Number of protein chains: 2
Amino acid sequence: MSAPLHERIRAGIEAEILSGTLAPGARLPVEHELMRLHSCSRMTVSKALSALASAGLIERRKRAGSFVARPKVHAMVLDVPDLGAEVIGRGQAYAYRLLGRRMRAPRDEEEKLLAGKGRLLQLDGLHLADGMPLALEHRLVALAAAPEMAEADFSAEAPGSWLLHHVPWTEAETRISAVNADDASADLLGLDPGAALLSVERRTWRGGERITSVRQLFVGSAYDLVARFGPS
Amino acid sequence: MSAPLHERIRAGIEAEILSGTLAPGARLPVEHELMRLHSCSRMTVSKALSALASAGLIERRKRAGSFVARPKVHAMVLDVPDLGAEVIGRGQAYAYRLLGRRMRAPRDEEEKLLAGKGRLLQLDGLHLADGMPLALEHRLVALAAAPEMAEADFSAEAPGSWLLHHVPWTEAETRISAVNADDASADLLGLDPGAALLSVERRTWRGGERITSVRQLFVGSAYDLVARFGPS
DNA sequence: CGATCGATTATGTCTATACATTATAGGCGG
DNA sequence: CCGCCTATAATGTATAGACATAATCGATCG
(Lines give C-alpha, C1' and ligand atoms only; values in the text may rest on other atoms or scores of the structure.)
Protein backbone atom coordinates (compact mmCIF):
# COMPACT_ATOMS: atom_id res chain seq x y z
CA MET A 1 0.00 0.00 0.00
CA SER A 2 2.56 2.58 1.04
CA ALA A 3 5.10 2.59 -1.75
CA PRO A 4 7.09 5.82 -1.97
CA LEU A 5 5.26 8.68 -3.58
CA HIS A 6 7.70 9.10 -6.47
CA GLU A 7 7.34 5.39 -7.16
CA ARG A 8 3.55 5.57 -7.21
CA ILE A 9 3.68 8.51 -9.60
CA ARG A 10 6.13 6.67 -11.83
CA ALA A 11 4.03 3.50 -11.85
CA GLY A 12 0.90 5.48 -12.61
CA ILE A 13 2.39 7.13 -15.67
CA GLU A 14 3.98 3.87 -16.78
CA ALA A 15 0.59 2.16 -16.62
CA GLU A 16 -0.95 4.92 -18.74
CA ILE A 17 1.77 4.50 -21.33
CA LEU A 18 1.61 0.72 -21.48
CA SER A 19 -2.18 0.69 -21.65
CA GLY A 20 -2.10 3.13 -24.53
CA THR A 21 -4.00 5.88 -22.71
CA LEU A 22 -0.91 7.98 -23.30
CA ALA A 23 0.00 7.30 -26.91
CA PRO A 24 3.55 7.51 -28.26
CA GLY A 25 4.42 11.12 -28.99
CA ALA A 26 1.83 12.43 -26.55
CA ARG A 27 2.93 15.19 -24.27
CA LEU A 28 2.46 14.47 -20.64
CA PRO A 29 1.60 17.03 -17.97
CA VAL A 30 4.40 19.43 -17.13
CA GLU A 31 6.07 19.09 -13.76
CA HIS A 32 4.11 21.90 -12.10
CA GLU A 33 0.89 20.24 -13.20
CA LEU A 34 1.98 16.92 -11.73
CA MET A 35 3.00 18.71 -8.54
CA ARG A 36 -0.50 20.08 -8.27
CA LEU A 37 -2.11 16.72 -9.13
CA HIS A 38 -0.21 14.83 -6.47
CA SER A 39 0.22 17.69 -4.02
CA CYS A 40 3.94 17.20 -3.76
CA SER A 41 7.17 19.03 -4.49
CA ARG A 42 8.85 19.30 -7.83
CA MET A 43 11.83 17.14 -6.80
CA THR A 44 9.43 14.26 -6.28
CA VAL A 45 7.75 14.36 -9.68
CA SER A 46 11.15 15.00 -11.21
CA LYS A 47 12.44 11.80 -9.64
CA ALA A 48 9.52 9.86 -11.11
CA LEU A 49 10.05 11.34 -14.57
CA SER A 50 13.81 10.75 -14.42
CA ALA A 51 13.21 7.08 -13.73
CA LEU A 52 10.84 6.82 -16.71
CA ALA A 53 13.34 8.66 -18.89
CA SER A 54 16.24 6.41 -17.95
CA ALA A 55 14.02 3.41 -18.66
CA GLY A 56 13.45 4.84 -22.12
CA LEU A 57 9.70 5.19 -21.72
CA ILE A 58 9.63 8.95 -22.04
CA GLU A 59 11.79 11.66 -23.52
CA ARG A 60 12.31 14.95 -21.75
CA ARG A 61 13.00 18.13 -23.66
CA LYS A 62 13.76 21.45 -22.07
CA ARG A 63 11.29 24.19 -22.69
CA ALA A 64 9.08 21.70 -24.57
CA GLY A 65 8.05 19.20 -21.88
CA SER A 66 8.07 15.43 -21.54
CA PHE A 67 6.79 13.11 -24.23
CA VAL A 68 6.01 9.43 -24.49
CA ALA A 69 8.90 7.94 -26.46
CA ARG A 70 8.15 6.52 -29.86
CA PRO A 71 9.00 2.87 -29.65
CA LYS A 72 12.09 2.51 -31.77
CA VAL A 73 14.28 -0.49 -31.81
CA HIS A 74 13.15 -2.43 -28.86
CA ALA A 75 15.66 -4.31 -26.78
CA MET A 76 14.96 -7.53 -24.99
CA VAL A 77 16.64 -9.26 -22.12
CA LEU A 78 18.45 -12.45 -22.96
CA ASP A 79 19.18 -14.68 -20.03
CA VAL A 80 22.77 -15.80 -19.92
CA PRO A 81 22.40 -18.98 -17.97
CA ASP A 82 24.99 -20.83 -16.09
CA LEU A 83 24.35 -23.90 -18.21
CA GLY A 84 24.59 -26.26 -15.28
CA ALA A 85 22.10 -24.31 -13.20
CA GLU A 86 19.77 -24.13 -16.19
CA VAL A 87 19.79 -27.88 -16.76
CA ILE A 88 19.33 -28.68 -13.09
CA GLY A 89 16.50 -26.14 -13.01
CA ARG A 90 14.72 -28.21 -15.63
CA GLY A 91 14.99 -31.23 -13.36
CA GLN A 92 17.70 -32.99 -15.33
CA ALA A 93 21.05 -34.27 -14.19
CA TYR A 94 23.93 -32.11 -15.37
CA ALA A 95 27.49 -33.07 -16.11
CA TYR A 96 30.49 -31.52 -17.83
CA ARG A 97 33.06 -33.78 -19.44
CA LEU A 98 36.45 -32.26 -20.18
CA LEU A 99 37.68 -33.47 -23.55
CA GLY A 100 40.90 -31.52 -23.91
CA ARG A 101 43.06 -29.07 -22.04
CA ARG A 102 46.14 -27.32 -23.35
CA MET A 103 48.20 -24.32 -22.44
CA ARG A 104 49.61 -22.65 -25.51
CA ALA A 105 50.66 -19.45 -27.20
CA PRO A 106 48.18 -17.43 -29.26
CA ARG A 107 48.09 -18.47 -32.90
CA ASP A 108 46.52 -15.56 -34.74
CA GLU A 109 45.73 -11.89 -34.35
CA GLU A 110 42.39 -12.49 -32.69
CA GLU A 111 43.96 -14.84 -30.18
CA LYS A 112 46.83 -12.43 -29.50
CA LEU A 113 44.25 -9.77 -28.68
CA LEU A 114 42.62 -12.12 -26.22
CA ALA A 115 45.84 -13.35 -24.63
CA GLY A 116 47.32 -9.96 -23.92
CA LYS A 117 50.81 -10.41 -22.58
CA GLY A 118 50.24 -13.97 -21.38
CA ARG A 119 49.44 -17.38 -22.73
CA LEU A 120 46.13 -19.04 -23.50
CA LEU A 121 44.36 -21.93 -21.85
CA GLN A 122 42.34 -23.96 -24.32
CA LEU A 123 39.52 -26.04 -22.89
CA ASP A 124 37.26 -28.31 -24.91
CA GLY A 125 34.39 -30.07 -23.29
CA LEU A 126 30.93 -31.49 -23.53
CA HIS A 127 27.85 -30.46 -21.55
CA LEU A 128 25.52 -33.33 -20.75
CA ALA A 129 21.89 -33.30 -19.60
CA ASP A 130 20.64 -36.59 -18.19
CA GLY A 131 23.64 -38.23 -19.79
CA MET A 132 22.70 -36.99 -23.28
CA PRO A 133 25.05 -34.57 -25.07
CA LEU A 134 23.60 -31.07 -24.96
CA ALA A 135 26.39 -28.84 -26.17
CA LEU A 136 29.97 -28.90 -27.31
CA GLU A 137 32.14 -26.15 -25.90
CA HIS A 138 35.38 -24.74 -27.21
CA ARG A 139 36.88 -22.14 -24.88
CA LEU A 140 39.96 -19.96 -24.77
CA VAL A 141 40.92 -18.23 -21.54
CA ALA A 142 43.48 -15.45 -21.17
CA LEU A 143 45.73 -16.68 -18.38
CA ALA A 144 46.86 -13.11 -17.79
CA ALA A 145 43.34 -12.32 -16.61
CA ALA A 146 42.76 -15.55 -14.69
CA PRO A 147 46.08 -17.08 -13.63
CA GLU A 148 44.47 -19.29 -10.94
CA MET A 149 42.66 -21.10 -13.70
CA ALA A 150 45.79 -23.00 -14.72
CA GLU A 151 45.42 -25.13 -11.59
CA ALA A 152 41.63 -25.40 -11.47
CA ASP A 153 39.91 -28.76 -11.64
CA PHE A 154 37.04 -29.01 -14.10
CA SER A 155 35.76 -32.46 -13.28
CA ALA A 156 33.30 -31.01 -10.80
CA GLU A 157 32.61 -27.54 -12.18
CA ALA A 158 32.43 -26.41 -15.80
CA PRO A 159 34.91 -23.70 -16.84
CA GLY A 160 32.13 -21.22 -17.54
CA SER A 161 30.74 -21.56 -14.06
CA TRP A 162 34.22 -21.43 -12.54
CA LEU A 163 34.99 -18.20 -14.39
CA LEU A 164 31.69 -16.61 -13.46
CA HIS A 165 32.45 -17.14 -9.79
CA HIS A 166 36.14 -16.26 -9.85
CA VAL A 167 36.62 -13.64 -12.60
CA PRO A 168 33.20 -12.17 -13.35
CA TRP A 169 32.88 -10.18 -16.52
CA THR A 170 31.67 -6.64 -16.82
CA GLU A 171 31.13 -6.55 -20.57
CA ALA A 172 30.17 -9.25 -22.99
CA GLU A 173 29.14 -9.76 -26.57
CA THR A 174 27.23 -12.75 -27.86
CA ARG A 175 26.72 -13.83 -31.45
CA ILE A 176 24.07 -16.39 -32.18
CA SER A 177 23.81 -18.28 -35.45
CA ALA A 178 22.97 -21.68 -36.90
CA VAL A 179 25.44 -24.11 -38.46
CA ASN A 180 25.46 -27.62 -39.82
CA ALA A 181 27.36 -30.10 -37.68
CA ASP A 182 30.67 -31.28 -39.12
CA ASP A 183 31.55 -34.95 -38.78
CA ALA A 184 33.59 -34.62 -35.60
CA SER A 185 31.04 -32.47 -33.79
CA ALA A 186 28.17 -34.69 -34.90
CA ASP A 187 29.99 -37.72 -33.57
CA LEU A 188 30.63 -36.13 -30.18
CA LEU A 189 27.05 -34.95 -29.88
CA GLY A 190 25.60 -38.23 -31.07
CA LEU A 191 23.96 -36.71 -34.12
CA ASP A 192 24.01 -37.30 -37.84
CA PRO A 193 26.49 -35.14 -39.76
CA GLY A 194 24.76 -32.03 -41.05
CA ALA A 195 22.33 -31.76 -38.16
CA ALA A 196 21.43 -28.16 -37.30
CA LEU A 197 23.36 -26.74 -34.35
CA LEU A 198 22.76 -23.49 -32.51
CA SER A 199 26.07 -21.68 -32.27
CA VAL A 200 26.57 -19.27 -29.39
CA GLU A 201 29.85 -17.36 -29.46
CA ARG A 202 30.60 -15.13 -26.51
CA ARG A 203 33.51 -12.83 -25.78
CA THR A 204 33.85 -11.26 -22.34
CA TRP A 205 35.81 -8.40 -20.87
CA ARG A 206 36.54 -7.11 -17.44
CA GLY A 207 37.07 -3.39 -17.59
CA GLY A 208 38.75 -3.39 -21.00
CA GLU A 209 40.74 -6.57 -20.45
CA ARG A 210 39.74 -9.63 -22.42
CA ILE A 211 38.96 -12.66 -20.28
CA THR A 212 37.60 -15.46 -22.37
CA SER A 213 36.18 -16.38 -25.70
CA VAL A 214 33.86 -19.35 -26.03
CA ARG A 215 31.91 -21.13 -28.73
CA GLN A 216 29.11 -23.42 -27.70
CA LEU A 217 27.37 -25.65 -30.21
CA PHE A 218 23.95 -26.72 -28.96
CA VAL A 219 21.92 -29.58 -30.28
CA GLY A 220 19.32 -27.57 -32.20
CA SER A 221 16.37 -29.69 -31.20
CA ALA A 222 17.30 -29.88 -27.51
CA TYR A 223 17.85 -26.28 -26.53
CA ASP A 224 16.06 -22.95 -26.91
CA LEU A 225 17.44 -19.59 -25.99
CA VAL A 226 14.70 -17.42 -24.54
CA ALA A 227 14.63 -13.65 -24.41
CA ARG A 228 11.96 -11.54 -22.82
CA PHE A 229 10.83 -7.98 -22.65
CA GLY A 230 8.20 -6.46 -20.50
CA PRO A 231 7.04 -6.01 -16.92
CA SER A 232 8.48 -9.09 -15.32
CA MET B 1 34.48 18.73 -19.10
CA SER B 2 31.49 19.92 -17.12
CA ALA B 3 29.33 16.89 -16.65
CA PRO B 4 26.90 17.18 -13.75
CA LEU B 5 28.45 16.61 -10.35
CA HIS B 6 26.27 13.62 -9.47
CA GLU B 7 27.21 12.07 -12.79
CA ARG B 8 30.93 12.59 -12.18
CA ILE B 9 30.61 11.02 -8.74
CA ARG B 10 28.70 8.08 -10.20
CA ALA B 11 31.21 7.58 -12.99
CA GLY B 12 34.10 7.77 -10.55
CA ILE B 13 32.72 5.04 -8.33
CA GLU B 14 31.74 2.95 -11.34
CA ALA B 15 35.29 3.15 -12.63
CA GLU B 16 36.65 2.01 -9.27
CA ILE B 17 34.30 -0.95 -9.29
CA LEU B 18 35.00 -2.00 -12.86
CA SER B 19 38.74 -1.67 -12.43
CA GLY B 20 38.61 -3.82 -9.32
CA THR B 21 39.91 -1.14 -6.97
CA LEU B 22 36.65 -1.59 -5.14
CA ALA B 23 36.22 -5.35 -4.95
CA PRO B 24 32.84 -7.05 -4.77
CA GLY B 25 31.56 -7.00 -1.21
CA ALA B 26 33.67 -3.98 -0.30
CA ARG B 27 31.97 -1.26 1.64
CA LEU B 28 32.14 2.11 0.02
CA PRO B 29 32.31 5.41 1.88
CA VAL B 30 29.13 6.46 3.64
CA GLU B 31 27.18 9.35 2.19
CA HIS B 32 28.50 11.92 4.65
CA GLU B 33 32.04 10.91 3.74
CA LEU B 34 31.29 11.34 0.04
CA MET B 35 29.66 14.68 0.80
CA ARG B 36 32.87 15.79 2.43
CA LEU B 37 35.05 14.36 -0.36
CA HIS B 38 33.18 16.18 -3.10
CA SER B 39 32.05 19.15 -1.04
CA CYS B 40 28.44 18.74 -2.00
CA SER B 41 25.07 18.05 -0.44
CA ARG B 42 23.72 14.68 0.52
CA MET B 43 21.02 14.68 -2.19
CA THR B 44 23.76 14.82 -4.78
CA VAL B 45 25.76 11.82 -3.59
CA SER B 46 22.49 10.03 -2.96
CA LYS B 47 21.53 10.55 -6.58
CA ALA B 48 24.83 9.08 -7.73
CA LEU B 49 24.46 6.08 -5.45
CA SER B 50 20.84 5.55 -6.47
CA ALA B 51 21.88 5.36 -10.10
CA LEU B 52 24.56 2.79 -9.28
CA ALA B 53 22.07 0.81 -7.23
CA SER B 54 19.44 0.75 -9.94
CA ALA B 55 22.12 -0.38 -12.38
CA GLY B 56 22.83 -3.26 -10.03
CA LEU B 57 26.43 -2.26 -9.38
CA ILE B 58 26.01 -1.62 -5.68
CA GLU B 59 23.67 -2.68 -2.94
CA ARG B 60 22.51 -0.24 -0.29
CA ARG B 61 21.59 -1.39 3.19
CA LYS B 62 20.22 0.87 5.87
CA ARG B 63 22.36 1.30 8.91
CA ALA B 64 25.08 -0.82 7.27
CA GLY B 65 26.12 1.30 4.30
CA SER B 66 26.58 0.70 0.56
CA PHE B 67 28.44 -2.30 -0.81
CA VAL B 68 29.75 -3.34 -4.19
CA ALA B 69 27.32 -5.97 -5.43
CA ARG B 70 28.57 -9.48 -5.97
CA PRO B 71 28.25 -9.91 -9.68
CA LYS B 72 25.48 -12.30 -10.54
CA VAL B 73 24.95 -10.91 -13.97
CA HIS B 74 22.61 -13.21 -15.78
CA ALA B 75 21.15 -11.01 -18.43
CA MET B 76 22.23 -9.37 -21.64
CA VAL B 77 20.49 -7.03 -23.98
CA LEU B 78 19.31 -8.45 -27.28
CA ASP B 79 18.34 -5.92 -29.89
CA VAL B 80 15.13 -6.73 -31.66
CA PRO B 81 15.86 -5.22 -35.01
CA ASP B 82 13.47 -3.98 -37.56
CA LEU B 83 14.90 -6.35 -40.14
CA GLY B 84 14.65 -3.83 -42.96
CA ALA B 85 16.47 -1.13 -41.03
CA GLU B 86 19.10 -3.65 -40.04
CA VAL B 87 19.81 -4.73 -43.61
CA ILE B 88 19.89 -1.17 -44.89
CA GLY B 89 22.21 -0.29 -42.04
CA ARG B 90 24.66 -2.83 -43.39
CA GLY B 91 24.61 -1.08 -46.73
CA GLN B 92 22.52 -3.66 -48.53
CA ALA B 93 19.30 -3.27 -50.46
CA TYR B 94 16.31 -4.59 -48.57
CA ALA B 95 13.09 -6.02 -49.92
CA TYR B 96 10.14 -7.96 -48.58
CA ARG B 97 8.22 -10.25 -50.90
CA LEU B 98 4.77 -11.29 -49.79
CA LEU B 99 4.18 -14.94 -50.63
CA GLY B 100 0.77 -15.53 -49.15
CA ARG B 101 -1.99 -13.69 -47.35
CA ARG B 102 -5.13 -15.20 -45.87
CA MET B 103 -7.74 -14.21 -43.40
CA ARG B 104 -9.02 -17.17 -41.47
CA ALA B 105 -10.37 -18.54 -38.24
CA PRO B 106 -8.02 -19.92 -35.58
CA ARG B 107 -7.29 -23.59 -36.03
CA ASP B 108 -6.00 -24.77 -32.67
CA GLU B 109 -5.89 -23.76 -29.02
CA GLU B 110 -2.72 -21.73 -29.38
CA GLU B 111 -4.20 -19.82 -32.30
CA LYS B 112 -7.47 -19.26 -30.46
CA LEU B 113 -5.51 -17.71 -27.63
CA LEU B 114 -3.83 -15.38 -30.08
CA ALA B 115 -6.98 -14.47 -32.01
CA GLY B 116 -9.06 -13.53 -28.99
CA LYS B 117 -12.60 -12.77 -30.18
CA GLY B 118 -11.59 -12.01 -33.75
CA ARG B 119 -10.07 -13.70 -36.77
CA LEU B 120 -6.46 -14.19 -37.78
CA LEU B 121 -4.45 -12.72 -40.60
CA GLN B 122 -1.83 -15.11 -41.89
CA LEU B 123 1.08 -13.57 -43.75
CA ASP B 124 3.91 -15.53 -45.33
CA GLY B 125 6.80 -13.73 -46.86
CA LEU B 126 10.45 -13.61 -47.72
CA HIS B 127 13.02 -11.04 -46.56
CA LEU B 128 15.68 -10.27 -49.16
CA ALA B 129 19.05 -8.57 -48.77
CA ASP B 130 20.65 -7.44 -52.02
CA GLY B 131 18.20 -9.71 -53.82
CA MET B 132 19.35 -12.79 -51.92
CA PRO B 133 16.92 -14.57 -49.62
CA LEU B 134 17.72 -13.77 -45.99
CA ALA B 135 14.79 -15.11 -44.04
CA LEU B 136 11.46 -16.81 -44.44
CA GLU B 137 8.69 -15.40 -42.30
CA HIS B 138 5.45 -16.98 -41.19
CA ARG B 139 3.28 -14.59 -39.25
CA LEU B 140 -0.12 -14.65 -37.59
CA VAL B 141 -1.75 -11.39 -36.55
CA ALA B 142 -4.76 -11.02 -34.26
CA LEU B 143 -7.10 -8.78 -36.23
CA ALA B 144 -8.87 -7.87 -33.00
CA ALA B 145 -5.69 -6.09 -31.91
CA ALA B 146 -4.83 -4.54 -35.29
CA PRO B 147 -7.98 -4.21 -37.44
CA GLU B 148 -6.37 -1.66 -39.77
CA MET B 149 -3.95 -4.33 -40.84
CA ALA B 150 -6.58 -6.08 -42.98
CA GLU B 151 -6.27 -3.24 -45.49
CA ALA B 152 -2.54 -2.60 -45.25
CA ASP B 153 -0.28 -2.99 -48.24
CA PHE B 154 2.88 -4.98 -47.69
CA SER B 155 4.59 -4.46 -51.01
CA ALA B 156 6.42 -1.44 -49.59
CA GLU B 157 6.70 -2.23 -45.90
CA ALA B 158 7.15 -5.59 -44.20
CA PRO B 159 4.41 -6.61 -41.76
CA GLY B 160 6.83 -6.55 -38.81
CA SER B 161 7.82 -2.98 -39.51
CA TRP B 162 4.19 -1.98 -40.12
CA LEU B 163 3.15 -3.47 -36.79
CA LEU B 164 6.01 -1.85 -34.90
CA HIS B 165 4.92 1.55 -36.12
CA HIS B 166 1.16 1.09 -35.75
CA VAL B 167 0.63 -1.28 -32.84
CA PRO B 168 3.86 -1.33 -30.81
CA TRP B 169 4.19 -4.11 -28.30
CA THR B 170 4.87 -3.77 -24.65
CA GLU B 171 5.77 -7.36 -23.88
CA ALA B 172 7.45 -10.00 -25.98
CA GLU B 173 8.99 -13.39 -25.75
CA THR B 174 11.52 -14.77 -28.18
CA ARG B 175 12.68 -18.35 -28.59
CA ILE B 176 15.81 -18.99 -30.58
CA SER B 177 16.84 -22.37 -31.89
CA ALA B 178 18.42 -24.11 -34.88
CA VAL B 179 16.61 -26.36 -37.36
CA ASN B 180 17.36 -28.15 -40.57
CA ALA B 181 15.59 -26.72 -43.60
CA ASP B 182 12.75 -28.79 -44.99
CA ASP B 183 12.45 -29.11 -48.76
CA ALA B 184 9.97 -26.27 -49.23
CA SER B 185 11.88 -23.79 -47.06
CA ALA B 186 15.18 -24.73 -48.65
CA ASP B 187 13.73 -24.12 -52.07
CA LEU B 188 12.37 -20.69 -51.16
CA LEU B 189 15.64 -19.68 -49.52
CA GLY B 190 17.75 -21.06 -52.35
CA LEU B 191 19.53 -23.57 -50.13
CA ASP B 192 20.07 -27.30 -50.13
CA PRO B 193 17.56 -29.26 -48.06
CA GLY B 194 18.92 -29.84 -44.59
CA ALA B 195 20.86 -26.57 -44.41
CA ALA B 196 21.02 -25.11 -40.90
CA LEU B 197 18.50 -22.35 -40.26
CA LEU B 198 18.30 -20.01 -37.30
CA SER B 199 14.74 -20.09 -36.05
CA VAL B 200 13.45 -17.02 -34.22
CA GLU B 201 9.95 -17.35 -32.82
CA ARG B 202 8.45 -14.30 -31.23
CA ARG B 203 5.13 -13.68 -29.52
CA THR B 204 4.12 -10.18 -28.59
CA TRP B 205 1.54 -8.60 -26.34
CA ARG B 206 0.21 -5.17 -25.72
CA GLY B 207 -0.92 -4.85 -22.14
CA GLY B 208 -2.16 -8.43 -21.82
CA GLU B 209 -3.65 -8.65 -25.31
CA ARG B 210 -1.91 -10.87 -27.84
CA ILE B 211 -0.90 -9.09 -31.03
CA THR B 212 1.16 -11.32 -33.23
CA SER B 213 3.10 -14.50 -33.40
CA VAL B 214 5.90 -14.89 -35.90
CA ARG B 215 8.46 -17.47 -36.91
CA GLN B 216 11.45 -16.33 -38.90
CA LEU B 217 13.84 -18.81 -40.45
CA PHE B 218 17.19 -17.18 -41.17
CA VAL B 219 19.83 -18.52 -43.49
CA GLY B 220 22.27 -19.70 -40.84
CA SER B 221 25.37 -18.51 -42.62
CA ALA B 222 23.99 -15.09 -43.52
CA TYR B 223 22.72 -13.75 -40.24
CA ASP B 224 23.96 -13.36 -36.68
CA LEU B 225 21.94 -12.23 -33.74
CA VAL B 226 24.05 -10.09 -31.44
CA ALA B 227 23.48 -9.44 -27.75
CA ARG B 228 25.52 -7.17 -25.55
CA PHE B 229 26.04 -6.32 -21.96
CA GLY B 230 28.14 -3.61 -20.47
CA PRO B 231 28.58 0.13 -20.16
CA SER B 232 27.48 1.28 -23.57
C1' DC C 1 24.66 -16.70 29.63
C1' DG C 2 21.26 -15.33 26.60
C1' DA C 3 17.42 -12.83 25.04
C1' DT C 4 15.33 -8.51 24.59
C1' DC C 5 15.20 -3.74 23.89
C1' DG C 6 16.70 0.70 23.04
C1' DA C 7 20.24 3.99 21.08
C1' DT C 8 22.70 4.91 17.17
C1' DT C 9 23.81 5.25 12.51
C1' DA C 10 23.08 4.68 8.09
C1' DT C 11 19.99 5.06 4.04
C1' DG C 12 15.14 6.57 2.13
C1' DT C 13 11.90 10.05 1.19
C1' DC C 14 10.28 14.56 0.83
C1' DT C 15 9.98 19.74 0.95
C1' DA C 16 11.07 24.38 -0.40
C1' DT C 17 14.05 27.08 -2.79
C1' DA C 18 17.58 28.79 -5.97
C1' DC C 19 19.87 29.23 -10.07
C1' DA C 20 21.45 27.12 -14.64
C1' DT C 21 20.36 25.62 -19.21
C1' DT C 22 18.02 25.39 -23.39
C1' DA C 23 14.71 25.20 -26.95
C1' DT C 24 10.88 27.55 -28.52
C1' DA C 25 7.63 31.29 -29.65
C1' DG C 26 6.87 35.51 -30.92
C1' DG C 27 8.32 40.19 -31.67
C1' DC C 28 11.20 43.40 -34.15
C1' DG C 29 13.98 45.12 -37.65
C1' DG C 30 15.70 44.90 -42.24
C1' DC D 1 8.49 38.09 -45.80
C1' DC D 2 12.51 36.43 -43.76
C1' DG D 3 15.94 36.14 -40.34
C1' DC D 4 17.68 37.37 -35.98
C1' DC D 5 17.09 37.98 -31.05
C1' DT D 6 15.21 38.05 -26.74
C1' DA D 7 11.76 36.73 -23.21
C1' DT D 8 9.92 32.78 -21.40
C1' DA D 9 8.63 28.32 -20.11
C1' DA D 10 10.08 24.14 -19.39
C1' DT D 11 13.60 20.80 -17.57
C1' DG D 12 18.36 20.07 -15.05
C1' DT D 13 21.14 20.52 -11.13
C1' DA D 14 22.09 21.52 -6.58
C1' DT D 15 21.45 23.01 -1.56
C1' DA D 16 19.94 22.52 3.31
C1' DG D 17 17.11 20.60 6.25
C1' DA D 18 13.45 17.52 8.19
C1' DC D 19 11.52 13.32 9.33
C1' DA D 20 10.99 8.16 8.33
C1' DT D 21 12.78 3.61 8.39
C1' DA D 22 15.63 -0.11 9.21
C1' DA D 23 19.34 -2.78 10.90
C1' DT D 24 23.00 -3.29 13.95
C1' DC D 25 25.47 -2.83 18.26
C1' DG D 26 25.63 -2.94 22.91
C1' DA D 27 23.73 -2.59 27.37
C1' DT D 28 20.56 -4.16 30.56
C1' DC D 29 17.65 -7.52 32.71
C1' DG D 30 15.89 -12.15 33.53
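Here the structure is a predicted model, which means the values were calculated and not measured. Chain identifiers are assigned alphabetically (A, B, ...) following the order of the sequence lines, protein sequences preceding nucleic acid strands; residue numbering begins at 1 within each chain.
- The distance from atom NZ of K47(A) to atom P of dA14(D) is 15 Å, rounded to the nearest whole Å.
- Between the side chains of S199(A) and R215(A), at least one donor N or O lies within less than 3.5 Å of an accepting N or O.
- In the model, H127(B) has a side-chain atom that pairs as donor or acceptor with a side-chain atom of E137(B) under 3.5 Å.
- The distance between atom CZ of R8(A) and atom C1' of dG12(C), rounded to the nearest whole Å, is 14 Å.
- Sparse packing is recorded around CZ of R97(B), with 12 or fewer heavy atoms of other residues, nucleotides or ligands lying under 6.0 Å away.
- For the pair E14(B) and R10(B), the salt-bridge criterion is met [side-chain N within less than 4.0 Å of a carboxylate O].
- Regarding E31(B), its CD atom lies at a distance of 15 Å from the C1' atom of dT15(D), rounded to whole Å.
- Each of R27(B) and P4(A) lies near DNA chain C, and the nucleotide nearest R27(B) is the one positioned closer to the 5' end.
- With rounding to whole Å, L5(A) atom CG is found 16 Å from dA20(D) atom P.
- Salt bridge status for E33(A) with R36(A): present, with a side-chain N to carboxylate O gap under 4.0 Å.
- Residues from residues 55-65 of chain B placing a heavy atom under 4.0 Å of any atom in DNA chain C, listed by number, are R60(B), R61(B), K62(B), R63(B), G65(B).
- One can place NE2 of H32(A) at 11 Å from P of dA9(D), the figure rounded to the nearest angstrom.
- For the pair R210(A) and W205(A), the cation-pi criterion (under 6.0 Å, within 45° of the ring axis) is fulfilled.
- The interatomic distance linking L49(A) (CG) with dG12(D) (C1') rounds to 12 Å, in whole Å.
- The phosphate of dT13(C) has OP1 or OP2 within less than 4.0 Å of a side-chain N or O from H6(A).
- Between R203(A) and E110(A) there is a salt bridge, since a side-chain N of the basic residue sits under 4.0 Å from a carboxylate O of the acidic one.
- Rounded to a whole Å, the CG atom of L34(B) is 16 Å from the C1' atom of dA14(D).
- For the contact set between residues 35-45 of chain B and DNA chain D, defined by any heavy atom under 4.0 Å, the members are S39(B), C40(B), S41(B), R42(B), M43(B), T44(B).
- With F67(A) as the aromatic partner, R60(A) does not meet the cation-pi criteria of under 6.0 angstrom to the ring centre and within 45 degrees of the ring axis.
- Ion pairing between E201(B) and R175(B) fails under the 4.0 Å rule for side-chain N and carboxylate O.
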